[in-house]
Amino acid sequence: MLNISEKRNINFENFLHYARNIGIYVNKHLCIKEVSKGNNGIFSNNDIHKNELLIELPKSFLIPKSIFTNYILEQEIEYPDMKFLDNYFSSIPSYEYFKKNSIFFLDQEKKNEILNFFVELSPSRRKIDQLFSSFDKLNDLEKYISLIFKTRAFNFEHNQYLCPIIDLVNYKYQTPKVLYNKEGMHFKNNTTLTKYEQFYHGYENQSNIISFFLNYNFLPNNFNRVSIPSNFFSLNIPQNKKDLVDEYYWIISNGKLSNKKRIVFDNLTIPVDFKLEINKLIPNSSLVNKILISILEMLKNEIKYQDVIEFLNKDSDQNHIHNFVKSLKINYLNIQALIDNLSKS
């Protein structure tokens, strides 16, 4: 078995050079630089015009969890280029990095401290408690693979894959997302990249800043999205509207319905699909807004906001707990801003 705890060393210039030679497209004006300790990013070393192809990764180079696991276990695998896979393994964080930087390695006392910022028996508290408990049951290798995929994987054709080089692009809210086609994945820039500028992308949909922090261990700037979890509320189905209920969108039980999927309010606006489906059943937009406000109030009040403020006022240490509690404050304020928007419309 490979050593998952060993510190990694890689020459990124050679890594990109080798990738280009085996058929992975990386724009000649891109390079990899260290942004901070343990964190690298992709930069332009010359001007790159708008809509130029930046990176293109063929489908065959995507790494599913089974191949990644067997590679670490040094079992036989099928992959287009083993030297490239070796290079890729050298480019990703070690297990020791996660032990120092992931909230999942907090001791139980500190995890309980986090959970106590939620109302007892609230759905969010239960969900996070389950995440912690499930993680604790894993062995070291399983924990490492789980965190690598949690922090780096992309969804492609309904499966999760590690995407070499593409996963070195850092996040910024409201920047272009990776593009998909049947051949694989690629990036284009929607603005001109100037010399020495870092190229960013928007991660695949993270429904709120709490789940974002739990996945990626940092708080992004200007995160302006909240969500209602799946099956969070229950509404009576209007008697004369039962035939209009879309079972793909709604959970139906005993004359009531609930949301089958999470409802994501990007930029604090009502998503189009929810608006279409709820308007079939409740064509009164004012009533819909009132219903949404009552649901969002329940969601907001899962958080013990006064405890959050008191903690942040007395604790300025930028540790895991502090940043998690800060994510609660941001999420609470985002929900309140959405409620205010709905109240005015």
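The analysis underlying the following values was restricted to heavy atoms, covering all of them including side chains, and did not include hydrogens, waters or symmetry mates. Residues take their numbers from the sequence shown, with the count starting at 1.
Residues Leu162 and Val169 fall within the same hydrophobic cluster, defined by Ile, Leu, Val, Met, Phe, Trp and Tyr side chains chained together at heavy-atom separations under 4.5 Å. When hydrophobic clusters are built by joining Ile, Leu, Val, Met, Phe, Trp and Tyr residues whose side-chain heavy atoms come closer than 4.5 Å, directly or via intermediates, Ile303 is grouped together with Ile309. When the side chains of ILVMFWY residues are joined at heavy-atom separations under 4.5 Å, either directly or via intervening members, Phe218 and Leu312 end up in a single hydrophobic cluster. Under a hydrophobic-cluster definition in which Ile, Leu, Val, Met, Phe, Trp and Tyr are linked whenever side-chain heavy atoms come within less than 4.5 Å, directly or via other members, Ile32 and Leu53 are assigned to different clusters. In terms of hydrophobic clustering, with Ile, Leu, Val, Met, Phe, Trp and Tyr side chains grouped at heavy-atom distances under 4.5 Å, Ile145 and Leu131 are assigned to a common cluster.
Contact of the Tyr95 side chain with the Asn3 side chain is not registered, since no non-hydrogen atoms from C-beta on lie closer than 4.5 Å. Residues Lys275 and Ser285 have side chains not in contact (no heavy-atom distance under 4.5 Å, counting atoms from C-beta outward). In this structure, Asn116 and Asp307 have side chains that are not in contact, with every pair of non-hydrogen atoms separated by 4.5 Å or more. Residues Ile165 and Leu16 form a side-chain contact, since some pair of their non-hydrogen atoms from C-beta on lies under 4.5 Å apart. The shortest side-chain heavy-atom distance between Thr269 and Leu338 does not fall under the 4.5 Å cut-off. The closest side-chain heavy-atom distance from Leu193 to Leu54 is below 4.5 Å. Counting heavy atoms from C-beta on, the side chains of Ile209 and Leu328 never come closer than 4.5 Å. The shortest distance between side-chain heavy atoms of Ile48 and Lys195 does not fall below 4.5 Å.
No more than 12 heavy atoms of other residues, nucleotides or ligands shown are found within 6.0 angstrom of CD on Glu247. In Asn254, the CG atom is not crowded: 12 or fewer heavy atoms of neighbouring residues, nucleotides or ligands sit closer than 6.0 Å. At most 12 heavy atoms of other shown residues, nucleotides or ligands fall within 6.0 angstrom of atom CG in Asn222. For CD of Glu34, the number of neighbouring non-hydrogen atoms (other residues, nucleotides, ligands) closer than 6.0 Å is greater than 12. Heavy-atom neighbours of Glu78 CD from other residues, nucleotides or ligands within 6.0 Å: at or below the threshold of 12. For Lys326, the NZ atom counts as loosely surrounded, since its 6.0 Å shell holds 12 or fewer non-hydrogen atoms of other residues, nucleotides or ligands. Counted within 6.0 Å of NZ on Lys127, heavy atoms from surrounding residues, nucleotides or ligands total 12 or fewer; the atom is thus considered open. Around atom NZ of Lys260, more than 12 heavy atoms belonging to other residues, nucleotides or ligands sit under 6.0 Å away.
At least one test fails for Lys261 against the ring of Tyr249: distance under 6.0 Å to the centre or angle within 45° of the axis. The cationic group of Arg225 does not satisfy the cation-pi geometry with Phe265, failing either the under 6.0 Å distance to the six-membered ring centre or the 45° limit from the ring axis. Remark: Lys111 is positioned above the aromatic ring of Phe132, its terminal NZ or CZ atom under 6.0 angstrom from the ring centre and at most 45 degrees off the axis.
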Might you work through the ring pair (Phe, Tyr, Trp, His ring centres under 6.0 Å) test for Tyr171 and Phe212, ending with a clear yes or no?
CA-CA 11 Å; Tyr171 171 88; Phe212 187 102; 4.8 Å; yes

In sequence, state the C-alpha distance, the side-chain angles, and the governing distance for Tyr88 and Phe68, and then conclude on ring pair (Phe, Tyr, Trp, His ring centres under 6.0 Å).
CA-CA 11 Å; Tyr88 175 68; Phe68 186 69; 7.2 Å; no

Chi angles and distances behind the side chain to side chain contact (heavy atoms under 4.5 Å, CB included) call for Phe233, Ile291:
CA-CA 10 Å; Phe233 59 85; Ile291 293 170; over 6 Å; no

Going through the checks in order, is the salt bridge (Lys or Arg N to Asp or Glu O under 4.0 Å) test met by Glu113 and Lys110?
CA-CA 5 Å; Glu113 186 178 350; Lys110 290 179 180 176; over 6 Å; no

Salt bridge (Lys or Arg N to Asp or Glu O under 4.0 Å) for Glu120 and Arg125? Distances and angles first, verdict last.
CA-CA 7 Å; Glu120 192 77 29; Arg125 178 179 175 134; 3.6 Å; yes

Pair Ser258, Trp250 - check side chain to side chain contact (heavy atoms under 4.5 Å, CB included), show working.
CA-CA 6 Å; Ser258 184; Trp250 300 105; 5.8 Å; no

Decide side chain to side chain contact (heavy atoms under 4.5 Å, CB included) for Ile55 and Ile42; before the verdict, give the C-alpha distance in whole Å, the side-chain angles of both, and the deciding distance to 0.1 Å.
CA-CA 11 Å; Ile55 304 169; Ile42 293 189; 3.8 Å; yes

Take Glu157 and Lys59, measure what salt bridge (Lys or Arg N to Asp or Glu O under 4.0 Å) needs, and give me the verdict at the end.
CA-CA 10 Å; Glu157 295 180 348; Lys59 182 179 178 180; 3.1 Å; yes

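What you find for Gly23 and Pro58 is that their closest heavy atoms are O-CG, 3.7 Å. Taking each heavy atom of His29 and Asn46 in turn, the nearest pair found is ND1-CB, 3.4 Å. Closest non-hydrogen pair, Ile263 versus Pro271, comes out as CG2-CG, 3.6 Å. Nearest heavy atoms, Pro93 versus Ile148: O-CD1, 3.9 Å. Of all heavy-atom pairs spanning Ser343 and Ile293, the tightest one is OG-CD1, 3.5 Å. Nearest heavy-atom pair, Leu62 versus Cys163, reported as atom, atom and distance to 0.1 Å: CD2-SG, 3.7 Å.
Pairs engaging residues 226-244 under the salt bridge (charged side-chain N to carboxylate O under 4.0 Å, His left out) rule: none recorded [sequence neighbours left out]. For residues 319-345, the set of pairs meeting the ring pair (Phe, Tyr, Trp, His ring centres under 6.0 Å) definition, not counting sequence neighbours, comprises Tyr305-Tyr332.
Aromatic rings of Phe43 and Phe199 (six-membered ring for Trp) have centroids beyond the 6.0 Å cut-off, not under it. Ring to ring, Phe154 and Tyr161 are not that close: their centroids are 6.0 angstrom or more apart. Residues Phe105 and Phe98 keep their aromatic ring centres 6.0 Å or farther apart.
A side-chain N or O of Asn170 and one of Gln198 form a donor-acceptor pair less than 3.5 Å apart. Looking at Asn51 and Lys188, their side chains never bring a donor and an acceptor atom within 3.5 Å of each other. If you check the side chains of Asn259 and Ser230, you find no donor sitting under 3.5 Å from an acceptor. Using modelled atom types, one finds no donor on one side chain facing an acceptor on the other under 3.5 Å when comparing Asp47 with Thr192. Residues Glu302 and Ser124 bring a donor and an acceptor atom of their side chains to less than 3.5 Å of each other. With no hydrogens or angles considered, a side-chain donor-acceptor pair links Lys300 and Gln336 at under 3.5 Å. No side-chain donor-acceptor contact under 3.5 Å links Ser133 and Gln130. Judged by distance alone, the side chains of Tyr196 and Asn45 never bring a donor and an acceptor atom under 3.5 Å apart. At a cut-off of 3.5 Å, with distance as the only test, no side-chain donor of Asn208 or Arg262 sits close to an acceptor on the other residue.
A side-chain donor-acceptor contact under 3.5 Å links Arg8 to the backbone of Glu6.
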Can I get a per-line list of side-chain donor-acceptor pairs under 3.5 Å for residues 79-87, giving both atom names and the distance, sequence neighbours left out?
{"from": "Tyr79", "atom 1": "OH", "to": "Phe61", "atom 2": "O", "distance (Å)": "2.6"}
{"from": "Asp81", "atom 1": "OD1", "to": "Tyr18", "atom 2": "OH", "distance (Å)": "2.9"}
{"from": "Asp81", "atom 1": "OD1", "to": "Lys83", "atom 2": "N", "distance (Å)": "3.1"}
{"from": "Asp81", "atom 1": "OD1", "to": "Phe84", "atom 2": "N", "distance (Å)": "2.9"}
{"from": "Asp81", "atom 1": "OD2", "to": "Tyr18", "atom 2": "OH", "distance (Å)": "2.9"}
{"from": "Asp86", "atom 1": "OD1", "to": "Tyr71", "atom 2": "OH", "distance (Å)": "2.6"}

